[in-house]
2 protein chains.
Amino acid sequence: MAPPRLPLNALRAFEATARLGSMSAAAGELGVTHGAVSRHVRELEAQFGLSLLRRQPKSVVPTPGGAQLASCLGEAFDLMRLGVSRLAPSPLTLSCSATIAMNWLIPRLGGFKRDNPDVEVRLNINYGEVDFVRDEISVAIRSSMFRAPQDVVIRPLLREDIGPVCHPDYAARLGLSVPEDLARARILGTATRPAAWREWLEVIGHPDLLLDAQETYDHFYLLIQAAASGLGMAMAPRIVAIDAIARGHLVAPFGFTPGPHELSLWIAPHLRARSDVKRLVAWIQADMIASS
Amino acid sequence: MAPPRLPLNALRAFEATARLGSMSAAAGELGVTHGAVSRHVRELEAQFGLSLLRRQPKSVVPTPGGAQLASCLGEAFDLMRLGVSRLAPSPLTLSCSATIAMNWLIPRLGGFKRDNPDVEVRLNINYGEVDFVRDEISVAIRSSMFRAPQDVVIRPLLREDIGPVCHPDYAARLGLSVPEDLARARILGTATRPAAWREWLEVIGHPDLLLDAQETYDHFYLLIQAAASGLGMAMAPRIVAIDAIARGHLVAPFGFTPGPHELSLWIAPHLRARSDVKRLVAWIQADMIASS
DNA sequence: GCCGCCTGTGAGTTTTCCTGACAGGTCCAT
DNA sequence: ATGGACCTGTCAGGAAAACTCACAGGCGGC
């Protein structure tokens, strides 16, 4: 008969219990209920034929043997974690447009780093096509304007709500109340989304209105900054304007309307099960929803 | 979001695979199928987002990262095993009668030690009542003549087949063919089982025959040896005579008949889940059945 | 006394793990 | 070539482990 396999999960539960001096605390650390921990410890005691913990009213104390075992186990688990962490993982790289990066991601990234101090996020500022392997991209935030590569895991984030934005004083000065009033405004555009104003006019039901960009910026984020500086009206997705609106740098006199595009997460298929990838994805999804 | 729990079972499967250079070998060591190991390894690779093994036609070779991880894991598991083995277990103690010990157990004990080199078995030569705690007994072989203590785990072994035995030459000289012929034999008895002959006569359907012990030994094993020396007929359970019969030291001219008692294993309840206890119990059960 | 905090335990359920069977691949011997 | 031995990969289905939920009981503090 072969030597019995070590009951690894039970050993982990016991180690945490001995270290924390409490089954409930160990259960919290392991993300299970106290009952599960209690069972694991009893299973070990039965298997070894001796008691590992002295039960006390408000806590548990390892017996001498239990303490020695716990210390061995602690070292062993540390060693495992060390080995796993040494696995030279390719860095976690998030690709998104400069606009999203500046107006949504970077201001919120501190929160992710606070919750996940051990995860390092590299940014890749880009939009459009992605080569996950060549550029070592783990996750990309992309608009549905672009086609995802084959095999990529896609998680829809949100439909882009779009609307005109400008500086609050600018809006007040022009007295905007209906879309037609925009004829009085200076219309700002961007080279990367030449159809932006046309798309908006269509979704709000004024396809007849003609608003042509009187000034065109090379980059979307320059456009946003121009609008925030009071230089005119920009057509912007809510997600990139929301912070500026909250700070009072921008207003959206006509609100936002669901636009023709949506934002998605593209996840490198070979990395989709990696824990840091999963954590980043979960965080982006949650924070995107929270800020929409 | 909490840091992910280490997938311990998968890590163990990978460690064995890397050490043995083969999933099938690892599966053998762990007592599972190769499919299970394959899944575990793939799960790890997915979770870490990198490949741990280079697949080759007839084997697998750890990648550099995989080799480093495997070495860490190997140390960690060794440490765990060490910690567990240090748990000062009470010694494994088997209690049985001197007769069983001499005529059945000890000749077979080598086989158990060969299959379980890491298990040390202490013997407690005794019969009748057992105090598992005071005498630190783990397992006892006992006859149903005795009452087991409360709470003991009982595993029936076999019904005692009993019959008269003597030296082959002695049987030939007397020309025994029917029980009545035993009147010509010298009847040997033992103080510990004074009713042995009577019980046999009853189970073979000759309650009328009267065979009284003409010589009585203090111990059963002395009785067996006396019979094997040609001093007369002894009433013996098959299980204690079987080896002497096989070696030609004894014969059972009337065979063996199911007797009124049976042999059982009594297992100390607080030790019943201990792996060495379970292995000893399994071995005794298997070998008892094999030799009956 | 009552309440809060701990652990123990049972039934029932979810999740994990494993099996068993098959497929594809390489190497070796025939 | 061709068949056999021996790997690994994969899938559906089933056994076993793990977990949850709910309740019970003990102890200490307010």
Side-chain angles (χ1 to χ4, degrees), chain A residues 2 4-48 50-63 66 70 77 151 269-270 272-273 275 278, chain B residues 2 4-48 50-63 66 70 77 151 269-270 272-273 275 278:
Chain A
R5 277 188 284 171
L6 291 173
L8 296 178
N9 292 322
L11 289 172
R12 169 165 53 191
F14 168 69
E15 190 275 334
T17 303
R19 173 161 41 79
L20 301 172
S22 149
M23 293 198 188
S24 301
E29 174 174 303
L30 297 173
V32 298
T33 57
H34 77 268
V37 174
S38 172
R39 290 170 173 282
H40 275 312
V41 173
R42 313 199 99 250
E43 177 197 336
L44 280 190
E45 293 185 319
Q47 186 156 341
F48 298 148
L50 50 83
S51 128
L52 296 170
L53 295 175
R54 232 183 35 243
R55 271 72 168 176
Q56 292 186 327
K58 310 278 290 183
S59 66
V60 294
V61 179
T63 61
F77 285 123
D151 292 333
H270 64 291
R272 69 174 180 280
S275 77
K278 292 201 288 191
Chain B
R5 278 187 284 173
L6 292 173
L8 296 177
N9 291 323
L11 288 172
R12 169 164 55 190
F14 168 70
E15 190 275 335
T17 303
R19 173 162 41 80
L20 301 171
S22 150
M23 293 197 187
S24 300
E29 175 175 301
L30 296 173
V32 299
T33 56
H34 77 269
V37 175
S38 173
R39 295 176 81 84
H40 276 311
V41 173
R42 310 195 98 252
E43 178 197 335
L44 280 189
E45 293 185 320
Q47 186 156 344
F48 298 148
L50 49 84
S51 130
L52 297 169
L53 296 175
R54 231 182 36 243
R55 271 72 169 178
Q56 292 186 325
K58 309 279 288 185
S59 66
V60 293
V61 180
T63 62
F77 285 122
D151 292 333
H270 64 289
R272 70 174 179 280
S275 77
K278 292 201 287 193

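Within every chain, numbering begins at 1; the chains are lettered A, B, ... in the order of the sequence lines, protein sequences first and strands thereafter. Quick note: numbers below take in every heavy atom, side chains included, and nothing from hydrogens, waters or symmetry partners.
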Atom-pair distance (CG on N9(A); P on dA16(D)), nearest Å: 18 Å
Distance test, side-chain N/O of S59(B) to OP1/OP2 of dC7(D), below 4.0 Å: no
Heavy-atom contact window of chain B on DNA chain C, given 5' to 3' at under 4.0 Å: dC17(C) to dT26(C)
For R272(A) against K278(A), the heavy-atom pair lying closest together: O-CG, 3.4 Å
E45(A)/T63(A) under side chain to side chain contact (heavy atoms under 4.5 Å, CB included): CA gap, chis, key distance, verdict: CA-CA 11 Å; E45(A) 293 185 319; T63(A) 61; over 6 Å; no
Trace of the side chain to side chain contact (heavy atoms under 4.5 Å, CB included) decision for V32(B) with H40(B): CA-CA 11 Å; V32(B) 299; H40(B) 276 311; over 6 Å; no
Atom pair distance, as rounded to whole Å: CZ in R54(B) and C1' in dT8(D): 16 Å
When the side chains of residues 6-26 of chain A are checked against the rest of the protein, which donor-acceptor pairs come out under 3.5 Å, sequence neighbours left out?
residue: N9(A); atom: OD1; partner: R12(A); partner atom: NH2; Å: 3.1
residue: R12(A); atom: NH1; partner: L6(B); partner atom: O; Å: 2.9
residue: E15(A); atom: OE1; partner: R19(A); partner atom: NH2; Å: 3.0
residue: E15(A); atom: OE2; partner: R19(A); partner atom: NE; Å: 3.0
residue: T17(A); atom: OG1; partner: A13(A); partner atom: O; Å: 2.8
residue: R19(A); atom: NH1; partner: E29(A); partner atom: OE1; Å: 3.2
residue: R19(A); atom: NH2; partner: E29(A); partner atom: OE2; Å: 2.8
residue: S22(A); atom: OG; partner: S24(A); partner atom: N; Å: 3.2
residue: S22(A); atom: OG; partner: A25(A); partner atom: N; Å: 2.9

Whole angstrom value for the distance that separates P of dA17(D) from CG of L8(B): 16 Å
Euclidean distance, F48(B) CZ relative to H270(A) NE2, rounded to 0.5 Å: 15.0 Å
R55(B) side chain near dC7(D) phosphate (N/O to OP1/OP2, under 4.0 Å): no
Any donor-acceptor N/O pair, R39(B) side chain to A36(B) backbone, under 3.5 Å: no
Distance, nearest 0.5 Å, that separates CG of L53(B) from CZ of R42(B): 11.0 Å
Members of residues 11-25 of chain B that approach DNA chain C, where some heavy atom sits under 4.0 Å away: none
First encountered from the 5' end of DNA chain C, between R39(A) and R39(B): R39(A)
Distance, nearest 0.5 Å, that separates CD of Q56(A) from CZ of R54(A): 5.0 Å
Interatomic distance, R5(B) CZ vs dA18(D) P [rounded to whole Å]: 11 Å
Closest-nucleotide 5' rank along DNA chain D - winner of G35(A) and R42(B): R42(B)
Whole-Å distance separating the CD atom of E43(A) from the C1' atom of dA16(D): 12 Å
